[in-house]
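Take a look at the structure below.
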Amino acid sequence: MVKRSIVRIKDIAEKAGVSTGTVDRVLHERGKVAEEVRQKVLEIARELNYQPNLLARTLVNNRMYDIAALIPDPEQDIYWQAPKTGIEKAEQELAQYGVQVTHFIFNPFDAASFKEKAAEVASLKPDAVLLAPIFYRESLPFFKQWKEMEIPFALFNTHIPDYEPLLYIGQDSYQSGFLAAKLLHYGHPQGGTFLVAHIDVDLSNSSHLVNKEQGFFDYFSRVESKVSYPLLQVDLPDSNSQEFQKRLGELIKDNPGLKGIFVTNSKAHTVAHYLQERAMTHIKLIGYDLMEKNLEYLNKGTIEFLINQNPKGQGYWGIYGLADHIAFKKKVNPIKYLPLDIITKENLHYYIEADL
């Protein structure tokens, strides 16, 4: 095994013929340096494969960095356990660099709960904030406030670019809806009616779900076909209620040509349960997320495909992105799109075994 030597700032300075102070200013983006010199230093740093000593840098600063994680309560909706686990994993890894994370947990079905916790975050003035802004309207005033307080914030799960967050980590919601439409279309070249179902959400306050629906509808608006693909949309209530079963049953009865249902969140298992109880095998179902209930119906074949949103990775990379900015002074890309992974029962085990 070849041992790699550590490249020091002094090594770069000697090869570039400049002072170590100049190299430090270039690498850490502080102070003014002539563009020609800057480019030369960066080129040599790349050539020597320079890697900054992040631990040493944070030890020199001798301070703690506080990140507030404003996330929905997993006990209210199990989906949020995965991003919480990702946040905790990042927190453990970054503790040696002086990064600590405080969790602020709100009820994902209660906008007032979100506002209360967000106000608490603002009052404590953390160095940065990571949040899932599932309540669009209620989030905007806090974005404005944090901007004024110069508190950088990162978003995961839902992208709201209006107030220019430091970064967004998650999927391209529009493209994931487009992908779901393509999967259903591919499986039904003979035509058929497709339904976009939003379940247990306030759609008017959930921009990411609206984007998924738009992507789904836009796909079929571009399809040149001699067969018909009528599209429907429904906002279904609490999946545990009789009203849910009643409305879903009416939709299926009133649309005998229904061949596929696209559920825009992690609740595909609720529709799968309904279809399985009534032996409706002709309706193909696509949803999101590798939750236990969804996996059960994926393995049974009631759910045809799941699109993996990697919620654990969203939480993990969200904390790392903020740490890069506040602790390590690294430039952060404003968008980190995660892959649109199509999960079937045949490839499921590869994703279950993966750590992130």
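Computed from a predicted structure; not experimentally measured.
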Contacts of type ring-ring contact (aromatic ring centres under 6.0 Å, His included), residue F153, not counting sequence neighbours
F143, W146

Could you tell me whether K40 and E36 make a salt bridge, using a distance below 4.0 angstrom between a side-chain N and a carboxylate O?
no

Any pair counted as side-chain hydrogen bond (donor to acceptor under 3.5 Å, both in side chains), so long as it reaches residues 214-227, sequence neighbours left out
Y174-D218, Y174-R222, H185-Y219, Q214-D218

Mind checking salt bridge (charged side-chain N to carboxylate O under 4.0 Å, His left out) for D200 and listing every partner two or more places apart, or none if nothing turns up?
K267

Partner set under side chain to side chain contact (heavy atoms under 4.5 Å, CB included) for N333, not counting sequence neighbours
none

Going by the rule salt bridge (charged side-chain N to carboxylate O under 4.0 Å, His left out), which residues pair with E116 if we only count those two or more places apart in sequence or in a different chain?
none

Mind checking salt bridge (charged side-chain N to carboxylate O under 4.0 Å, His left out) for K182 and listing every partner two or more places apart, or none if nothing turns up?
none

Can you sort out the partners of F262 under ring-ring contact (aromatic ring centres under 6.0 Å, His included), two or more places apart, ordered by chain and number?
F216, Y288

With sequence neighbours excluded, give me every salt bridge (Lys or Arg N to Asp or Glu O under 4.0 Å) pair touching residues 231-241.
none

Please determine, by modelled atom types, if S173 and H208 share a side-chain donor-acceptor pair under 3.5 angstrom.
no

Got a sec, which residues hit ring-ring contact (aromatic ring centres under 6.0 Å, His included) with H188, two or more places apart in sequence or on another chain?
F194

Using the ring centroid of each side chain, check whether F244 and Y274 are separated by less than 6.0 Å.
no

Would you mind listing the cluster partners of L209? Hydrophobic ones only (ILVMFWY), side-chain contacts under 4.5 Å, chaining allowed.
V201, L203, V210

The criterion is salt bridge (charged side-chain N to carboxylate O under 4.0 Å, His left out); which residues satisfy it with E35, sequence neighbours excluded?
R38

What pairs of residues pass the side-chain hydrogen bond (donor to acceptor under 3.5 Å, both in side chains) test when at least one of them lies in residues 117-131, not counting sequence neighbours?
R63-D127

